[in-house]
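The structure that follows is given in the form of structure tokens.
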Amino acid sequence: MPEDVDDAAEAGPPLEAPVELTLDILRHSAAHLMAAAVCELFPGTQYDVGPSIEDGFFYNFLLPEDRHLTDGDLVAIEARMGQLVKRHVPYQREVLPRDEARRLFDGMGQEFKVAIIDRLAPDVSSVSVYRTGDFVDLCRGPHVPDSGVLRAVKLLRVAGVYWRGDERNPQLQRVYGTAWFSPADLDAYLERIAEAERRDHRRLGRELELFHLDDTAPGMPYWLPNGVIVLNELLSFSRREHRARGYKEIIAPLINDKRLWETSGHWDHYRENMFIVPVDEQTSYGVKPMNCPNAHVVYNLRRHSYRELPLRYLQLDTLHRFERSGTLHGLLRVRKFQQDDAHVFVTEEQIEAEYDRILEITDHFYRIFGLDYSFRLGTRPDDFIGDIETWDRAEGALLRILERRAGAGGFTVDPGEGAFYGPKVDILMKDAIGRSWQTGTIQLDFQLPRRFGCEYIDASGQARTPVVIHRAIYGSFERFLGVLIEHFAGQLPLWLAAVQVEVVPVQDDVEAVMDCARSVVERLEAAELRAAVSDSPGNRMQARIRDAELRKVPYVVVVGKRDVERGDDVVTLRDTRRGGTEQRSVPDLIALLADEVASRRPS
RNA sequence: GCCGACGUAGCUCAGUGGUAGAGCAGCGGUUUCGUAAACCGCUGGCCGGGAGUUCGAAUCUCCCCGUCGGCUCCA
């Protein structure tokens, strides 16, 4: 949890003198310098914690008299920091007895620091403080010798943060900055950010006409013709692969009487994330945020034998979740989405083997795109249903499976991050600027089958309760596609590309050339390739090629008078992803592209 | 939901109290050209919505909606 990390940076037994200058030390020192500047400019500021983080640092502040920092203030703070850098202000370390340090910060009215000291382990008897000019901070260090080395620092943004990461607490303001050894490193970092912006799926989604997010439907994407092709390719791939692995697809209602949600527990544990539809005075329907309750309804339509298990229901229905307005983010955080979701009913003995099958699907699905992913185990949350003993059993099973499949260091554990009905293994991926997003999830559930009264008859004729595995491999197609677009910078693998080949005529007023172009397209289409004649009458060939490149069409075929006159059925193929052109006969071209589509190669 | 920023033509943006602009896209015309932009012309805006201040508001104030960066929450 962030606040624990923060505390560790601030306090604890003093660390011994530093060795060599690292970026971590530099950034931590930059955080101190920023706090010093803020305290000079806004006397009475309380400062909380200020660690180094990936690519930079932050510091949390509470300004006096309800003042709030704005972007304009950052300019002034940065200028003040610049003056302190020029003065080579030393970072002076002092070790104080714990109670003396407490008195020091208490006397300055620094309540956050006092609270940190009070949270220290009982056996910590002394702490260190660092002085930078008039600024003094509780801190384990180590630090730079003086502020003169902080030559490449830039403040980036201000954000509101809840004290100790809890939204019931008052909100502080956090200033983020970045710091590097040299101005050249800083420039390289800023260039990296700019490159990430060029890959942003929201920008590419608009440019490539994949999807649209309208003001009247926040978080609920419109899929445009190009996007529908990509989405449908992923859907049919998912259907085919799951069918081959024994999954049966079902389709269920989008809204159900709230009684269903009361049975599942969603009414009590998930309602704030649901769209509720009032139907009449007595009745409310809930728009489904998850597929699981309906899978249980289908399971209960008849008696089941142990021989039928595992019973695997694939559910690709549309889901709606009422996410808080400030959390929406392009396709990566939406309110309307579809998952490659499934619910697998198993006996307790079948859990491990079924997890193995699911993890194999996972590897298959991600390897196709050459994507790196990682696992995270989420354990029992505060707001859970069922009994602790069952939870422990479920968590123990997942832990064993993960250790066997991923190795002891191959996953992380996030305490309290499980679903309300069971622990889960999440699959994590990163977007263009390195933010982590959960895509797939494999959840183990002993609770819902009980709540729905699900049963199967075992070999001895006894009725038993099955266990359910909730699993989505890509997670939501929306989020997965968002990550995919950023991963490929818009240049999707051929099998997903909306237009796979565009045929460009050199002369669009020569009927024989246009006939040839149309005929090539027809032959490509007959081979189930998505092809089109470039459509911009009067434009020169170069402009048409550029247009196709900008729309990230993977292949461009050029035909002109010379090809028609030669009459040998050979055209020029341009590969827009790898660059370069080559001559190919049309049958050869079709075979080449059909093979690339079938292989699903990333490029 | 909270903190900060932002919202001007389909897109990218300029305009900060005095008659709404540019490039690209689109449309019309000329050009038919061999691997990333031919040329000329034209159209296009309740300046996110509402209220207020002012002789006068894209510009200042307030409220609402949405977007962006964080926080919290999460696929």
Side-chain angles (χ1 to χ4, degrees), chain A residues 2 58 60-61 68-74 156-176 197 200 202-203 206-207 209 212-219 270 272-273 289-290 319 321-335 337-341 378 417 419 424 426-429 433 435 437-441 443 470 472-480 482-483 504-510 513 536-550 556-563 572-576 579-581:
Chain A
F58 68 73
N60 295 344
F61 302 105
H68 287 275
L69 293 170
T70 64
D71 286 5
D73 294 327
L74 294 193
L156 297 175
R157 64 186 76 95
V158 55
V161 296
Y162 301 103
W163 183 54
R164 292 178 57 69
D166 188 330
E167 69 177 326
R168 290 165 300 192
N169 284 339
Q171 202 169 39
L172 314 179
Q173 278 191 300
R174 172 176 299 175
V175 178
Y176 283 96
E197 263 167 40
D200 191 311
R202 291 165 299 190
R203 166 197 289 260
R206 187 170 48 238
E207 288 173 358
E209 298 187 337
H212 165 70
L213 286 160
D214 197 77
D215 280 3
T216 61
Y270 208 75
E272 64 281 9
N273 279 302
M290 298 184 193
L319 304 176
R321 294 185 187 173
F322 185 72
E323 302 291 349
R324 298 210 271 189
S325 59
T327 64
L328 301 177
H329 183 95
L331 291 182
L332 298 183
R333 187 73 182 277
V334 292
R335 285 178 170 160
F337 59 102
Q338 276 174 281
Q339 291 178 307
D340 58 342
D341 198 7
E417 291 303 308
K424 55 180 192 164
D426 289 330
I427 297 161
L428 304 179
M429 295 188 52
I433 58 172
R435 285 176 297 210
W437 295 90
Q438 178 187 334
T439 51
T441 183
Q443 312 176 349
H470 308 235
I473 307 300
Y474 290 139
S476 97
F477 288 101
E478 282 76 3
R479 175 175 291 180
F480 186 76
V483 173
V504 169
V506 182
Q507 305 86 7
D508 72 359
D509 62 337
V510 177
V513 170
S536 49
N539 253 332
R540 295 169 70 218
M541 174 202 63
Q542 285 89 337
R544 292 166 182 266
I545 291 172
R546 178 170 189 271
D547 184 55
E549 294 250 9
L550 290 176
V556 172
V557 166
V558 175
V559 295
K561 272 188 208 162
R562 299 209 297 248
D563 306 295
T572 310
L573 177 66
R574 181 187 180 87
D575 182 332
T576 69
T581 61

Protein-nucleotides 64-67 of chain B N/O pairs under 3.5 Å:
unit_1: B:rG66; atom_1: O2'; unit_2: A:Asp215; atom_2: OD1; d: 2.6

Practice problem: Could you check how far NE2 of A:His329 sits from P of B:rC73, rounded to whole Å? | Solution: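 Spelled out: NE2 on A:His329 to P on B:rC73 is 18 Å.
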Self-check item: Pair partner, B:rC39 [Watson-Crick or wobble, under 3.5 Å]
Solution: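 Pairing partner, where one exists within any strand: B:rG29.
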Quiz prompt | Length of the CD-C1' vector between A:Gln173 and B:rG4, whole Å | solution =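 It works out to 7 Å between those atoms.
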Quiz item: Looking only at atom P, what distance separates B:rC68 and B:rC11, rounded to whole Å?
Solution: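 B:rC68 and B:rC11 have their P atoms separated by 14 Å.
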Exercise. Please measure how far the P atom in B:rA22 lies from the corresponding atom in B:rG44, and state the result in whole Å.
Key: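 So the two P atoms sit 13 Å from each other.
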Exercise. Tell which nucleotide pairs with B:rC73, taking only Watson-Crick or G-U wobble pairs whose two distances are both under 3.5 angstrom.
Key: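 Because no pair has both required distances under 3.5 Å, B:rC73 counts as unpaired.
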Quiz prompt | Counter-base of B:rC46, judged by Watson-Crick or G-U geometry with both distances under 3.5 Å | solution =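 Checking every strand shown, B:rC46 finds no partner, since no pair has both distances under 3.5 Å.
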Self-check item: Where protein sits on nucleotides 29-45 of chain B, one letter per nucleotide: B base, S sugar-phosphate only, - none, heavy atoms under 4.0 Å
Solution: --BBBBBBBB-------
Quiz prompt | Partner residues of A:His212 under the ring pair (Phe, Tyr, Trp, His ring centres under 6.0 Å) criterion, sequence neighbours left out | solution =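 With neighbours one apart ignored, the set is A:Tyr222.
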Quiz item: A:Arg206 side chain N/O closer than 4.0 Å to the phosphate oxygens (OP1, OP2) of B:rU12?
Solution: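 True: A:Arg206 side-chain N/O within range (under 4.0 Å) of B:rU12 OP1/OP2.
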Quiz item: Just how far, in rounded Å, is P of B:rC74 from CZ of A:Arg321?
Solution: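 Interatomic distance, CZ of A:Arg321 to P of B:rC74: 10 Å.
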Quiz item: Does any nucleotide pair with B:rG7 by Watson-Crick or G-U wobble geometry, both distances under 3.5 Å, and what is it?
Solution: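 Partner of B:rG7: B:rC65.
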Quiz item: Contact class for A:Thr70 vs. all strands (heavy atom < 4.0 Å): base, sugar-phosphate, or nothing?
Solution: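 Result for A:Thr70 = sugar-phosphate.
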Quiz item: If you measure from the C1' atom in B:rA58 to the same atom in B:rG21, how many Å do you get, rounded?
Solution: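 The same atom, C1', in both gives a distance of 12 Å.
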Quiz prompt | Ring-on-base stacking B:rA75 with A:Phe337 (under 5.5 Å, under 30°) | solution =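 Yes, aromatic ring over the base.
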